[in-house]
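Structure below; questions to follow.
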Amino acid sequence: MILDPINSITSIAFYKKVAKQSVLRTIAYLNFAIFLYALMATLAVKVTLMPEVNAFFTWLEKTAPPITFSAGKISTPNPEPVTLRYPKVPEMAATIDTARTEPVTIQNMEEAKVTAYLTGSAFDVMERPGEIKMYDLSKGNSPKPIVIDGKFYQNAAQFMGWILYPAVLIGSYLFLLFLGTATSFAFSTMALIINTMLGAGLRYGPLFNMTVHAQTLSLFLLAICLFLPQGLSLVLTSFPMITAAYLWLAIKANTDEAPLPAP
């Protein structure tokens, strides 16, 4: 089965073998192909997303002042307000003003052009324009002071990797398994139509087998687009056409071996 994805893309003659195999083997192939996609998705996260995540935490490590949370109060070494604005995403900005005691208003955040505001006892977030959600930190009671400094950001970057990789692997596998099953049944209807047009006389089982394998190229192109997001829409648009082309050629290749219809 290891070579099946390659054969499904490069060999129309391979679909003669596919038509004769059991549906259980086809289901196993679907799981195998989707697992390969999930591995590619995890690799894409490591190659494209994690460098950006690490760069963000490195920037925080160098830019953000140490923040201490103790007895329901937030403090920094320097009580002067500090605004952190990530250079790569200027709209991602926060003001740290631990000396402030009065509530933060929408006008304050709009004038500072920030989406978050940390005071000595609260954390305010602008969830949408004109609406602030305030998290009261004064009610927190930690047995010992919590310090958010450079070491914390280093550990946070490592923790993100530990969380992201298994989450993407499992999440993409389960999502694509559901989606792949749904598209297989949907495109098998297309296979029935092509089967009728060509007069192949194939039963639904072989047609379903070929339908699952006919989606391999599109799945491979989707995996490539994880590294090149700008091409994703083109692949999604061409997905039905690619699958239909493979189904047409596969069913046509099986036409000569299909049993003659009963008189």
Side chain to side chain contact (heavy atoms under 4.5 Å, CB included) assessment of Val82 paired with Thr76: CA-CA 10 Å; Val82 175; Thr76 55; over 6 Å; no
Tyr29 and Thr216 side chains, donor-acceptor separation under 3.5 Å: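 A donor-acceptor contact under 3.5 Å links the two side chains.
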For the student: nearest non-hydrogen atoms of Arg85 and Ala112, plus distance: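 Closest pair (atom of Arg85, atom of Ala112, distance): NH2-O, 3.1 Å.
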Taking every non-hydrogen atom, the tightest pair across Ser121 and Asp136: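 For Ser121 and Asp136, the tightest heavy-atom pair comes out as O-OD1, 3.4 Å.
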Residue pair Arg100, Tyr117: steps toward the side chain to side chain contact (heavy atoms under 4.5 Å, CB included) verdict: CA-CA 10 Å; Arg100 184 185 181 106; Tyr117 209 112; 3.7 Å; yes
Any side-chain heavy-atom pair of Leu219 and Leu176 under 4.5 Å: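 A side-chain contact exists here, since the closest heavy-atom pair is under 4.5 Å.
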Approximate separation, where rounding is to 0.5 Å, of Leu217 CG and Leu222 CG: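 One finds 9.5 Å between CG of Leu217 and CG of Leu222.
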Side-chain donor-acceptor contact under 3.5 Å, Thr115 with Glu91: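 Short answer, no.
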Rounded distance (nearest 0.5 Å) linking atom CG of Leu177 with atom OG of Ser172: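 Leu177 atom CG to Ser172 atom OG measures 11.0 Å (nearest 0.5 Å).
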Check: Leu202 main-chain N/O paired with Asn195 side-chain donor or acceptor under 3.5 Å: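 Yes; at least one donor-acceptor contact below 3.5 Å.
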Passing candidate, side-chain contact (heavy atoms from CB on, under 4.5 Å) with Ile67, options Asp149, Ile146, Val147, Ile96: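 The side-chain contact (heavy atoms from CB on, under 4.5 Å) with Ile67 is passed solely by Ile96 among Asp149, Ile146, Val147, Ile96.
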Test item: Trp248 and Leu198 side chains (from C-beta on) under 4.5 Å apart, heavy atoms: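 Yes - at least one pair of side-chain heavy atoms lies under 4.5 Å apart.
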Cluster overlap Ile132 with Val114, hydrophobic side-chain contacts below 4.5 Å: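 Looking at the clustering, Val114 is in the same group as Ile132.
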Leu39 vs Leu43 side-chain heavy atoms within contact, under 4.5 Å: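 Heavy-atom side-chain distance check fails, nothing below 4.5 Å.
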same_hphob_cluster(Ile6, Ile242) at 4.5 Å side-chain heavy-atom cutoff: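 Ile6 does not cluster with Ile242.
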Shared hydrophobic cluster, Val89 / Phe56 (ILVMFWY, side-chain heavy atoms < 4.5 Å):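 Cluster IDs for Val89 and Phe56 match.
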Approximate separation, where rounding is to 0.5 Å, of Met160 CE and Tyr165 OH: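 It comes to 10.0 Å.
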Phe178 atom CZ: more than 12 heavy-atom contacts under 6.0 Å: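 Count not over threshold, so no.
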Whether Thr48 side chain and Ala44 backbone form a donor-acceptor pair below 3.5 Å: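 Yes; judged by distance alone, with no hydrogens or angles, the pair exists.
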Salt bridge present between Arg25 and Asp4 (N-O < 4.0 angstrom):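 Looking at Asp4 together with Arg25, the answer is yes, because their closest N to O distance falls below 4.0 Å.
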Met197 CE: over 12 foreign heavy atoms closer than 6.0 Å: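 12 or below, so no.
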Sub-4.5 Å side-chain heavy-atom contact between Phe227 and Met40: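 The answer is yes; the side chains approach within 4.5 Å.
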Check: His213 and Tyr246 side chains under 4.5 Å, non-hydrogen atoms: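 When only atoms from C-beta onward are counted, His213 and Tyr246 do not touch, as no gap falls below 4.5 Å.
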Joint hydrophobic cluster, Val125 plus Met134, side-chain heavy atoms closer than 4.5 Å: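 Unlinked, Val125 and Met134 end up in two clusters.
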Heavy-atom side-chain contact between Glu102 and Thr119 under 4.5 Å: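 Glu102 does not reach Thr119 side chain to side chain.
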Worked check of side chain to side chain contact (heavy atoms under 4.5 Å, CB included) between Ile148 and Tyr153: CA-CA 7 Å; Ile148 301 177; Tyr153 295 125; 3.5 Å; yes
Least distance between heavy atoms, Leu137 atom then Leu118 atom: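 Scanning both residues, the minimum pair turns out to be CD1-CD1, 3.9 Å.
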Minimum heavy-atom distance Asn54-Ala157, with the two atoms named: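 Closest pair (atom of Asn54, atom of Ala157, distance): OD1-CB, 3.7 Å.
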Close side-chain approach of Thr68 to Ser75, heavy-atom, < 4.5 Å: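 In short, these two side chains touch, coming nearer than 4.5 Å.
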Separation of Phe14 CZ from Met210 CE (nearest 0.5 Å):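 If we round to the nearest 0.5 Å, Met210:CE and Phe14:CZ are 12.0 Å apart.
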Beyond-backbone contact of Pro66 with Phe152, side-chain heavy atoms, under 4.5 angstrom: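 When only atoms from C-beta onward are counted, Phe152 and Pro66 do not touch, as no gap falls below 4.5 Å.
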Qualifying residues under ring pair (Phe, Tyr, Trp, His ring centres under 6.0 Å), relative to Phe35, sequence neighbours excluded: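 Partners of Phe35 under the ring pair (Phe, Tyr, Trp, His ring centres under 6.0 Å) test: none.
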Hydrophobic cluster identity match, Phe175 and Phe32, side-chain contacts under 4.5 Å: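 Cluster IDs for Phe175 and Phe32 match.
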Ile74 to Phe69 - nearest heavy-atom pair and separation: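 Residues Ile74 and Phe69, closest heavy atoms: CD1-CD1, 3.1 Å.
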Ring centroid separation Tyr37 to Tyr173 under 6.0 Å: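 Judged by ring-centre distance (under 6.0 Å), Tyr37 and Tyr173 do not meet the cut-off.
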Interatomic spacing from OG in Ser11 to CG in Leu249 - rounded to 0.5 Å: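 Rounded to the nearest 0.5 Å, the OG-CG separation comes out at 11.5 Å.
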Ile163: side chain to side chain contact (heavy atoms under 4.5 Å, CB included) partners, not counting sequence neighbours: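 Checked Ile163 against side chain to side chain contact (heavy atoms under 4.5 Å, CB included); matches are Phe159.
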Heavy-atom pair with the smallest gap, counting every atom of Pro5 and Leu36: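 Between these two residues, the closest heavy atoms are CG-CD1, 4.2 Å.
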Under 3.5 Å: donor-acceptor pair, side chain of Thr105, backbone of Asn108: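 Yes: the side chain of Thr105 pairs with the backbone of Asn108.
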Within 6.0 angstrom of Tyr204 OH, more than 12 heavy atoms from elsewhere: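 For Tyr204, atom OH is crowded (more than 12 foreign heavy atoms under 6.0 Å).
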Separation of Ile193 CD1 from Ile251 CD1 (nearest 0.5 Å):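 Rounded to the nearest 0.5 Å, the CD1-CD1 separation comes to 10.5 Å.
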